[in-house]
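Step one of this worksheet: look at the structure below.
In what follows, residues are counted from 1 in the order of the sequence shown. Remember, it's a predicted structure, so these values are computed and weren't measured experimentally.
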Amino acid sequence: MAMIDDMAIATDLLITSKAAVRNLATAITETATPSVKKLLRRELDNAIDTHDKIAQYMIKNEMYHAYDLNEQMEHDLEKADIALNLAKK
């Protein structure tokens, strides 16, 4: 059961880090001040690095199958079945 908790946490981190990358990229395009753009670019690089670390952790621990769509779909369906069974209890 701990694996599901770890996976849920890692998935939430991955989704949040992806949103951070997207939001920082958007902020850069909306900023006119060079110093603010520089700061946001540095933060964007950090966010991209964080996203990569989380994704690599999930891939290594078989929580995320980024390069095999069929495998990922099977994995997601298994987890959905577990969640439905938990909800029934």
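- Applying the ring pair (Phe, Tyr, Trp, His ring centres under 6.0 Å) test to residues at least two apart or on different chains, the pairs with a partner in residues 36-73 are His65-His75.
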Without placing hydrogens or testing angles, list every side-chain donor-acceptor pair under 3.5 Å for residues 9-23, not counting sequence neighbours.
unit_1, atom_1, unit_2, atom_2, d
Thr11, OG1, Met7, O, 2.8
Thr16, OG1, Asp12, O, 2.8
Ser17, OG, Leu13, O, 3.2
Ser17, OG, Leu14, O, 2.9
Asn23, ND2, Ala19, O, 3.2

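- Taking every heavy atom of both residues into account, Ala25 and Leu44 meet most closely at N-CD1, 4.3 Å.
- Residues satisfying the side-chain hydrogen bond (donor to acceptor under 3.5 Å, both in side chains) criterion with Asp76, sequence neighbours excluded, are Gln72.
- Legend: residues meeting side chain to side chain contact (heavy atoms under 4.5 Å, CB included) with Ala27, ordered by chain and number and at least two apart, are Leu40.
- Atom CG of Leu39 is separated from atom OG1 of Thr31 by 9.5 Å, given to the nearest 0.5 angstrom.
- Among residues at least two apart or in separate chains, salt bridge (charged side-chain N to carboxylate O under 4.0 Å, His left out) pairs with a member in residues 39-54 are Asp49-Lys53.
- Considering CD1 of Ile54 and CE of Met63, their distance stands at 11.5 Å, rounded to 0.5 Å.
- With sequence neighbours excluded, the residues forming a side chain to side chain contact (heavy atoms under 4.5 Å, CB included) with Asp68 are Asn70, Glu71, listed by chain and number.
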